[in-house]
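Not measured: the values here are computed from a predicted model.
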Amino acid sequence: MSQEPYNPLAKSNLGESVAEALLRVPVRPLNDIKHLVGAGVYAIYYTGEFAAYVPIASRNRDALFLLPIYVGKAVPKGARKGGLGFDASKGYALRNRLKQHASSISEAHNLDLIDFHYRALTVDDVWIPLGENVVIEKYQPLWNRVIDGFGNKTPGRRRATQMRSSWDVLHPGRKFVDALDLAANPFSTEEIVKKVADFFEGNLPDAEKISSENEDEDEDDL
């Protein structure tokens, strides 16, 4: 059987190249983001003591950082409206996005920002979604696949009618969430923890598109 010739321009190979570049970036604490410039992709790592996350934390301690808990993207403002020409090397999309994540973690009652680190890579805007998707598929990050809501920003009127996310049930305390009269999540804390345990045992959730929960919310100003 003949083998397909390697195509360096195939989408899968281009995505892999972005993912590999991201994983070569040195890891920094999530409270150290002032140097970041531009738009791109990032991976967040957890090393703390939250009981449900032991399988993740154990793979990231001792500076190993082998398993991200969340992977995301920060795109230039207007990138989703079509067209090319956005300069991903300028602006503060990555810094702003990670600042929002740091704020969410700091406000949660049972998480500590000191237990979080990240890698971030500035990427030409046209390859940002592809790179993010490849890293998510490669590592199946918990907060992308099972625990929805971490990437949410302050909702507008449309989103204010939604229910409380699984992330906010498991990690209560975000000020913008507490200020909203959101419907209760149908899953209890115990049930969400059970979903996490099942996930680590290899029982992946159905084809949920949790990783794209915030596609219309992840643009930041150049």
What's the separation between atom [atom1] in [X] and atom [atom2] in [Y], rounded to the nearest 0.5 Å?
X	Y	atom1	atom2	result
Leu94	His35	CG	NE2	9.0 Å
Glu137	Glu16	CD	CD	11.0 Å
Phe116	Leu111	CZ	CG	4.5 Å
Tyr45	Leu67	OH	CG	8.5 Å
Asn31	Tyr118	CG	OH	9.0 Å
Phe50	Asp112	CZ	CG	13.5 Å

Answer with yes or no whether the hydrophobic clustering places [X] together with [Y]; edges join I, L, V, M, F, W, Y residues whose side-chain heavy atoms lie under 4.5 Å apart.
X	Y	answer
Ile44	Val54	no
Phe200	Val146	yes
Leu23	Leu66	no

Salt-bridge present (Asp32, Arg28; N to O < 4.0 Å): yes
NZ/NE/NH1/NH2 to OD/OE distance under 4.0 Å, Arg61 and Asp115: no
Side chains of [X] and [Y]: does their closest heavy-atom pair fall under 4.5 Å?
X	Y	result
Tyr42	Val25	no
Arg24	Glu20	yes
Trp167	Ile192	no
Val177	Leu182	yes
Glu190	Val193	no
Leu98	Leu30	yes
Pro172	Asn110	yes

Verdict with reasoning, Val196 to Leu142, per side chain to side chain contact (heavy atoms under 4.5 Å, CB included): CA-CA 8 Å; Val196 172; Leu142 180 71; 4.1 Å; yes
More than 12 heavy atoms of other groups within 6.0 Å of Ile114 CD1: no
Between the side chains of [X] and [Y], does any donor sit under 3.5 Å from an acceptor?
X	Y	value
Arg174	Ser104	yes
Ser166	Asp148	yes
His101	Tyr70	no

So does [Y] get a backbone contact from the side chain of [X], meaning a donor-acceptor N/O pair under 3.5 Å?
X	Y	answer
Asn144	Val71	yes
Asn185	Arg164	yes
Ser165	Phe150	no
Arg119	Val27	no

Pair His171 + Tyr53: ring centers closer than 6.0 Å: yes
